[in-house]
There are 2 protein chains.
Amino acid sequence: MTYTIKDVAKKANVSIATVSRILNGKTGFSEKTKKKVLRVIEELGYQPNAVARGLINKNTQTIGVLIPTVSNMYASEVLSGIEKHANDLGYSVIVCNTGCVGERTIHYLQVLSERRVDGIIIVSEFIYEEYYKVLNDMEIPTVLVSTISLQFPIPYVKVDDRHAAFSATDYLIEKGHTNIAMIAGDARDPIAGIPRIEGYKSAHLSHGLEINENYIIDCKIFSHQAGIEAMEAILQKQLNITAIFASSDEIAAGAMSAAIRNGIKIPDQLSIIGYDNTKIAEMIIPSLTTVAQPLHDMGMVAATMLFEMKETGEVTQSRIMSHEIVERETVRSFF
Amino acid sequence: MTYTIKDVAKKANVSIATVSRILNGKTGFSEKTKKKVLRVIEELGYQPNAVARGLINKNTQTIGVLIPTVSNMYASEVLSGIEKHANDLGYSVIVCNTGCVGERTIHYLQVLSERRVDGIIIVSEFIYEEYYKVLNDMEIPTVLVSTISLQFPIPYVKVDDRHAAFSATDYLIEKGHTNIAMIAGDARDPIAGIPRIEGYKSAHLSHGLEINENYIIDCKIFSHQAGIEAMEAILQKQLNITAIFASSDEIAAGAMSAAIRNGIKIPDQLSIIGYDNTKIAEMIIPSLTTVAQPLHDMGMVAATMLFEMKETGEVTQSRIMSHEIVERETVRSFF
DNA sequence: TTGTAGGCGTTATCAA
DNA sequence: TTGATAACGCCTACAA
C-alpha cells in the first residue's frame, strides 16, 4: 500500500497543508503537531510522491544525459562523475544512449523534454542545427562535455584538444623523437579530430620540425580496431618513424597490439602516446603513456554548471579543464 | 514557451478531452477535427507533459537501475543492454551508482520509490534483508542481474557461475593442464565467489584431479590491481602451476601484467583464462581467452522480465543465460 | 462526435 | 498555528 499526504493528514488529525509544511521545512506549526505528524509518517511509511511534486513545482529534480555509447570507458567515466554530483544535490539522472551516429538524439531530446527534465548534458556529440532548434524550443539548460558548438551558444566543459595534442607531441619531441606519426581518429571531426591534428602540427612547427602529411593517418573512428588497421597501414607504408601519437587510448592499444604482433618492441623500437587516460591505459602491457583528461571531474563540473544555469537563468561560462601527461612505459627517451 | 493541452484545445476550438483522445489513439472524433488538432499541435510545437501523465496514470514509464560502479566495463555493458531495450519500449532509465560497498543503496531505493518508477533492476549487488524490506514495501517489480538472492523471491538473470567456472577449468584441463591455480576474486562472495570456486573444484573432481587449496588465491576484489597482487603472491609461493583461472577479466589482465613483468611468457610458460569477456579481453596482448557472459543481452532480458512482471503482476521466472568459452591467445595446449 | 467536470498528489495562497 | 481550496496538466467517466 502506498499512502498519500491525505492519509497522513487524516491519521494525524491535521490538514494536508500542515503535513506539507512539515515535510518541506516551512514554518507554521507547533512542535507538538510536528512530532505527531512525523510519527504518523513513520508509522505509515509514507513517501511523498515526486511526480506530483514535479507537476506543481515545475521541477523534476532530474537531468538527462546523452551519450553516444555508455559502454565505453571514456563515456562511462564521465557519466559516473555526472551522476555522483547530481545525486549529491538531489537530482536523478536519465541516461540516453544515442548510438554512434547520433541517430536517436532527436528522439531522446523529445523524450527528455516531455519528461520536463531540469537540464541536459550532451557528451561527445556534434550539435546539429536540428538539435539546437529543439534544445532552444525546450528552454532547458544544456551543457556540453567533450564537445563544443561553434554555431550555437551552448556552454561546454572540455580540455583544450589543440593544446593537449600539442603537449603530447611536444612531449615526444622533447624525448628526442623527430619522426612522429599521428593516428588521428576521424580527421574531419571538428571536435576531436581537427584540433588534435593542429596541435600535433604546431608542436612540430614550434620545434622547427617539418610536417609530413603522410605521417597523419586518418582512421575514421577512435576504436581499438581502427588502431590496429592504422598500424598495419603504417607498417605497410614503411614509414620511417620512431613514435606515434594516437588520438585515443583505444587506438593506441590497437596500434600497439598490431605493432607487437609484427615483432616491434615498444618502446624500444617504437614509442607511443595515447589520449584520454582511460583504465585501459594502465591495463595493457607495456602500460600506456597518455594525455589524461579529468573525465570524472568533467562530469562533475558539467553537472555543477547545469545547476548554476538553472539557478541564475543565464548561460554560464564554459570551462577548459587542464590535461596532463601521465608517464608510463610506452615512450622511450633518446637522452 | 511551453504549451499545455488547454492551449491546443483553445486554438483548435475543441475541448481538451478531444485533444486528449486524439493524442492517445482513442476513438471518438472525426477525421476532420483530428487533422485540425494535429495541425495546431504541430504549429504550437506542443509536447504532452509526461509528469502530469505519470500522475494520473500512475505509471511513469521509467525504470531505475542500481549498479555498484557504472564506470566499469562489465556494468556499463549491462546498462547499455537495459537502456536499449527499455528505450525501445518507451521507458527511460535512471542510473544509480551505489558505490562498491552499496552504501547508497537504501538511499537510492528510497529515491526511486518516491519517483514512482515502474521497475527496478539491481546489478551485481548482494540483497540484504534491509533492501528487501524496502523493496517489498514499495511493491515495485524488481529483477536482479548477475546476482541472486537465496533468501528472497526476486527473479534474476545471470549465467550459472558454477557451471561457467566448471567450463573454464575443464577447458584448461582438456588442454592438458593439471596444475591450475584460481584467482578467486572474493572467495566469500556468495554470488561471484563461492560458486566459481565450486565450479573450479568440480572440474578437478570430474577429471580425477586432486584439489590443492593452496592453489586458490582469494584476492578479495575483482580488480586489476588485485590480479597483480595475486600473481605476485603466486610467484612468491613458487606454485608449480601451468595455468590460472581468473574470476574476472580485470583480474586476469592484472595477473598477466605481473607475470609478464616477471619474465614469464604467456601462454608458453603460463596459461590463463578469464571471466566476463569484457572489451579488455581483446585489447590486451596476448588477447585473453575467457568465459563470455552475454552482458548486453542480460541487460535486455532483465528489462524484458521487468515489463513482463509489470504486465502480469506476477513474479517471472529467473533466466540462466548461457556462457561460452571465447578462445584467444592465452591458453596453451599440451597436445 | 463532442464537452463538462472530477480527480491524480502535491504546494501555496488565503482566511481564520 | 492552522485549514480550506485553488492550481499544476492531464485522463476519463458521464452527459449531451
Side-chain angles (χ1 to χ4, degrees), chain A residues 1-38 40-41 44-62 90 111 113-118 138-139, chain B residues 1-38 40-41 44-62 90 110-118 138-139:
Chain A
M1 178 55 189
T2 152
Y3 298 96
T4 74
I5 200 172
K6 267 189 199 157
D7 301 315
V8 176
K10 194 183 299 173
K11 183 152 185 193
N13 275 316
V14 296
S15 72
I16 61 172
T18 300
V19 178
S20 176
R21 286 191 197 100
I22 293 173
L23 239 29
N24 294 290
K26 315 243 159 170
T27 58
F29 48 81
S30 68
E31 196 57 28
K32 204 176 119 205
T33 47
K34 178 176 176 182
K35 282 258 162 54
K36 186 172 53 179
V37 168
L38 253 24
V40 171
I41 287 177
L44 256 33
Y46 162 75
Q47 289 181 314
N49 183 327
V51 180
R53 279 185 165 170
L55 182 57
I56 195 153
N57 290 336
K58 299 178 171 315
N59 163 346
T60 53
Q61 296 290 109
T62 307
V111 169
S113 173
E114 293 189 2
R115 286 176 178 279
R116 302 297 192 262
V117 297
D118 299 325
M138 319 196 305
E139 299 174 324
Chain B
M1 180 52 191
T2 151
Y3 298 96
T4 74
I5 200 172
K6 266 189 202 158
D7 300 317
V8 176
K10 195 184 298 172
K11 182 152 184 194
N13 276 318
V14 296
S15 71
I16 62 172
T18 300
V19 178
S20 175
R21 285 189 199 103
I22 293 173
L23 239 29
N24 294 291
K26 313 245 159 169
T27 58
F29 48 81
S30 68
E31 196 56 28
K32 205 176 119 204
T33 46
K34 177 176 177 181
K35 283 256 160 56
K36 186 173 54 179
V37 168
L38 253 23
V40 171
I41 287 178
L44 256 33
Y46 163 76
Q47 290 182 313
N49 183 327
V51 179
R53 278 185 165 170
L55 182 58
I56 196 154
N57 291 336
K58 298 176 171 319
N59 161 346
T60 53
Q61 297 289 111
T62 307
Q110 222 79 44
V111 169
L112 293 177
S113 173
E114 294 189 2
R115 287 177 176 277
R116 303 298 192 260
V117 298
D118 299 326
M138 319 196 305
E139 299 174 327

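Here dC8(C) is the nucleotide among dG3(D), dC8(C), dG9(C) with the atom lying nearest to any side-chain atom of K6(A).
Rounded to a whole Å, the CD atom of E31(B) is 11 Å from the P atom of dT2(C). Taking atom CD on Q61(A) and atom P on dT10(C), their separation rounds to 16 Å, with Å as the unit. Counting to the nearest Å, the P atom of dC11(D) and the CD atom of E114(A) are 11 Å from each other. Note: CG (N59(B)) to P (dT12(D)) measures 11 Å, nearest angstrom. Rounded to whole Å, the distance from CD1 on I22(A) to P on dT10(C) is 14 Å. As rounded to whole Å, 14 Å separates atom P of dG9(D) from atom CG of L44(B). Atom NZ of K36(A) and atom P of dT1(D) are 14 Å apart (whole Å). As rounded to whole Å, 11 Å separates atom P of dA4(D) from atom CG of N13(A).
Taking only side-chain nitrogens and oxygens, T33(A) never comes nearer than 4.0 Å to OP1 or OP2 of dT1(D). Under 4.0 angstrom from either OP1 or OP2 of dG9(D) there lies at least one side-chain N or O belonging to K58(A). Taking only side-chain nitrogens and oxygens, S15(A) comes nearer than 4.0 Å to OP1 or OP2 of dG3(D). In this model, the phosphate group of dG3(C) is approached by a side-chain N or O of T18(B) to a distance below 4.0 Å at OP1 or OP2.
Residue contacts shown for V51(B) are absent, as no nucleic acid heavy atom lies under 4.0 Å away. Note on T27(B): nothing from the nucleic acid sits closer than 4.0 angstrom, heavy atoms only.
For E114(B), the side-chain contact (heavy atoms from CB on, under 4.5 Å) partners two or more places apart in sequence, or in a different chain, are Q47(A), P48(A), A50(A).
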(message) At under 4.0 Å between heavy atoms, how does the protein contact nucleotides 11-16 of chain C? Give one character per nucleotide, 5' to 3', with B, S or -.
(response) BBB---
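For the pair T60(B) and V117(B), the tightest heavy-atom approach, listed with the atom from each and the gap, is OG1-CA, 3.6 Å.
If you find the closest nucleotide of DNA chain C to G28(B) and to L55(B), the one lying nearer the 5' end belongs to G28(B).
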Report all side-chain donor-acceptor pairs from residues 14-23 of chain A shorter than 3.5 Å, counting only partners two or more places apart or in another chain.
| unit_1 | atom_1 | unit_2 | atom_2 | d |
| --- | --- | --- | --- | --- |
| S15(A) | OG | A17(A) | N | 3.4 |
| S15(A) | OG | T18(A) | N | 3.3 |
| S15(A) | OG | T18(A) | OG1 | 3.3 |
| S20(A) | OG | N24(A) | ND2 | 3.4 |

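Within the 4.5 Å cutoff, the side chain of K32(A) has no heavy atoms near those of the K36(A) side chain. Residues T4(B) and N49(B) are not in side-chain contact: their nearest non-hydrogen atoms beyond the backbone lie 4.5 Å or more apart.
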(request) Output, in order, the C-alpha distance, side-chain angles, deciding distance and verdict of side-chain contact (heavy atoms from CB on, under 4.5 Å) for I5(B) and Y46(B). (result) CA-CA 8 Å; I5(B) 200 172; Y46(B) 163 76; 3.9 Å; yes
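Environment of NZ in K11(A): crowded, with over 12 heavy atoms of neighbouring residues, nucleotides or ligands closer than 6.0 Å.
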